[in-house]
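For ligands, and for the atoms within them, numbers begin at 1 and follow the listed sequence.
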Amino acid sequence: MARVREVDAVIVGAGFSGLYMLHKLRGQGLSAVVFEKGDGVGGTWYWNRYPGARCDVESPYYSYSFDPELEQEWEWTERYPAQPELMRYLNFVADRYDLRRDLQLETTVTAAEYDGGTNRWRVSTSSARGDEVTQARFCIMATGCLSTSRIPDFRGLESFRGEVYHTGAWPHEDVDFTGKRVGVVGTGSSGIQSIPVIAAQAEQLTVFQRTPNFSVPAKNGPLDQEFWRQVKADYRRIREDAKHTPTGLPFPPGADAALEAAPEERQRVFDEHWTLGGFRLAQCFSDLAVSNEANETVAEYIRTKIDEIVDDPETARLLKPYDHPVGTKRICVDTEYYATYNRPNVQLVDVRSAPIEEITPTGLRTAEQEYEFDAIVFATGFDAMTGALLAIDIRGRDGVALREKWEAGPRAYLGVSMAGFPNLFTVTGPGSPSVLSNMVTSIEQHVDWIAAHIEYLDANGLQSSEPLAEAEDAWVEHVNALADMTLFPQANSWYLGANVPGKPRVFMPYVGGVGAYRAKCDEVAAKSYEGFALA
Ligand code: NA7
């Protein structure tokens with residue numbers, strides 16, 4: 001029988017979460033290995049290398065805060081980091097902290113099984129080196145929230161003779177659309193970021209839109225050096241502020257209610273945020289996320305902008321969202337998205353009224369018409385938040401599968417640990433602020449909390465930690481109750497699993513905000529990990 005490797009912790013995934021988790025546990029004297037499917041670090045940013053891929057959080061805030069020296073050493077070049085710059089950053093981090101010696105790349109975790117007898121996780125991996133088993137006291141899933149890309153089950157997909165791409169699994173080689181007829185399916189963030197870039201290259205671009213999204217200009221550009229100098233001088237305070245706001249960004253949402261503001265004042269605030277760029281427009285008043293009437297004021301503001309930008313009235317009409325409140329699907333942050341529809345080589349097709357029926361050998365056919373393409377780009381999103389976890393055969397106490405436990409939707413205590421799955425942790429799992437926040441702030445909070453929890457167990461001679469079922473139930477109930485107080489459940493979003501046919505409709509992230517969530521996690525820790533059974 002093959003040798004079984006022993007480590008203190010297995011970490012799955014080498015993105016922002018996995019890299020920091022490894023660094024942190026090493027600092028506590030633990031041995032750890034990171035398994036990563038890709039052939040490099042970067043996680044979400046490793047896979048999402050489509051044209052125009054860029055973070056919608058500004059560079060100075062979308063970075064690690066754990067080491068003030070790192071903050072001072074690294075130089076961002078643009079207001080929002082593009083995918084290649086994020087890859088450079090994460091590779092720099094991997095080298096700077098000598099992380100690579102514990103990274104096992106091109107290795108897929110296929111199963112993780114808890115053995116109650118030995119209190120160990122047996123983690124099975126598959127790679128070109130063959131199948132292996134690693135035994136660990138702790139298993140930490142740093143698998144990302146948007147890491148399982150999906151192309152809808154279109155009939156005839158395999159028959160297409162042209163090139164097929166998914167934005168979330170983009171090739172590493174340059175893709176050149178020059179002189180080509182290209183179809184893009186999907187108008188979420190990935191579609192909205194890639195469409196202007198593809199349009200500038202392709203001979204002809206046809207965009208298939210099922211649901212229009214609200215999008216605001218990024219106003220990207222070179223990072224203002226004076227601003228960057230000030231950030232560097234004040235980084236400690238900025239990071240501290242970011243830890244306690246709802247979004248994990250160092251500025252609070254607007255304190256005034258849109259409905260109490262005079263129309264001219266509202267217009268002024270909206271104009272100011274539109275000019276500033278980025279998604280803060282959706283948070284500039286306190287009632288936008290909780291009142292339909294308030295939300296409609298910002299929705300109408302964006303619709304007016306679409307009318308102003310887009311020349312063709314019918315195209316503008318199709319681009320204006322009416323089916324969901326602003327922010328209940330992640331607001332998109334774009335560069336010249338709406339203006340792209342004024343180009344003569346770009347056409348918008350509404351597939352709500354005439355759905356895509358099949359992919360043909362030469363293109364695709366909707367209920368109304370047939371289209372011919374050299375390439376089709378699917379910007380159709382992810383099996384978000386649970387997809388990557390459920391792709392692994394995770395089995396806890398008594399062989400119970402996570403797939404069974406989560407049959408009716410994900411359940412976890414604090415979004416970090418599950419009853420029946422001792423010593424297993426999820427970084428930014430369902431039930432935590434995760435995708436509703438600045439991910440790096442939330443990742444660091446989780447990694448720090450998990451590391452401190454492990455330290456506590458070791459310091460007290462404890463072998464195992466697992467949430468109590470009643471604590472988990474209460475948390476899940478609280479997460480749902482909070483979501484129900486907002487407008488979020490009104491949208492058919494991936495937050496609710498609505499984009500994957502058959503996925504249980506449960507609101508997955510915690511809407512209570514990063515600050516409140518952190519306080520709760522800290523309180524649990526201060527009360528000797530209240531809600532956990534420790535043994
Ligand atoms: P999203 O936001 O899930 O967007 C996927 C898009 O694909 C969306 O417009 C979908 O329309 C569309 N889609 C999905 N299935 C179909 C079918 N069958 N027919 C037509 N159109 C379809 O994924 P992204 O990658 O853009 O962004 C994910 C996150 O990454 C984003 O929120 C940011 O946080 C960063 P629908 O709206 O479902 O009608």
ring-ring contact (aromatic ring centres under 6.0 Å, His included) assessment of H446 paired with F425:
CA-CA 9 Å; H446 258 189; F425 301 99; 9.6 Å; no
From CA spacing to verdict: side chain to side chain contact (heavy atoms under 4.5 Å, CB included), N48, Q83:
CA-CA 8 Å; N48 281 270; Q83 181 270 345; 5.6 Å; no
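The protein atom (non-hydrogen) at minimum distance from atom 26 (O) of ligand 1 is S190 N, 2.8 Å. The closest protein non-hydrogen atom to atom 36 (P) of ligand 1 is T211 OG1, 3.3 Å. The shortest contact between atom 9 (O) of ligand 1 and any protein heavy atom is with T187 N, 2.9 Å. Distance from atom 12 (C) of ligand 1 to its nearest protein heavy atom, with residue and atom name: G186 CA, 3.7 Å. In terms of protein heavy-atom proximity, atom 4 (O) of ligand 1 is nearest to G188 CA, 3.5 Å. Regarding atom 29 (C) of ligand 1, its nearest protein heavy-atom neighbour is L146 CD1, 3.7 Å.
A distance of 4.5 Å separates CG in L90 from CZ in F16, rounded to the nearest 0.5 Å. The CG atom of N345 sits 11.5 Å away from the CD1 atom of I198 when rounded to the nearest 0.5 Å.
Looking only at atom types and distance, the side chain of K503 has a donor-acceptor partner in the side chain of T386 under 3.5 Å away.
When the options R210, H324, R352 are ranked by their closest heavy atom to atom 17 (C) of ligand 1, first place goes to R210.
When each of R280, R330, K219 is checked for a salt bridge (Lys or Arg N to Asp or Glu O under 4.0 Å) with D56, only R330 meets the rule.
Residue-ligand proximity, G381 to ligand 1, at heavy-atom distances under 4.0 Å covers atoms 3 (O), 5 (C), 23 (O), 25 (O). Annotation for ligand 1: atoms under 4.0 Å from non-hydrogen atoms of R330 are 32 (O), 33 (C), 34 (O). Atoms of ligand 1 lying under 4.0 Å from at least one heavy atom of F382, given by number and element, are 25 (O).
By the 4.5 Å heavy-atom criterion applied to side chains, Y80 and V57 are not counted as neighbours.
Residue contacts with ligand 1: T167 is placed with no nitrogen or oxygen under 3.5 Å of a nitrogen or oxygen of the ligand (distance criterion only). Checking only distances, W494 does come within under 3.5 Å of ligand 1, N or O to N or O. Inclusion of K329 in the set of residues having an N or O under 3.5 Å from an N or O of ligand 1 is warranted. Looking at S189 next to ligand 1, an N or O pair under 3.5 Å apart turns up.
Between Y371 and F373, the two ring planes are parallel [angle under 30°; tilted spans 30° to 60°].
For F154, every heavy-atom contact with ligand 1 shorter than 4.0 Å involves the side chain, none the backbone. Contact annotation: for A379 versus ligand 1, heavy atoms closer than 4.0 Å belong to the backbone alone.
Listed for the E444 side chain is a donor-acceptor partner under 3.5 Å among the backbone atoms of S65.
The closest approach between a heavy atom of F378 and any atom of ligand 1 is not below 4.0 Å.
The heavy-atom pair separating T148 from G387 by the smallest distance is OG1-C, 3.4 Å. Closest of all the heavy-atom pairs between V479 and F507 is CG1-O, 4.2 Å.
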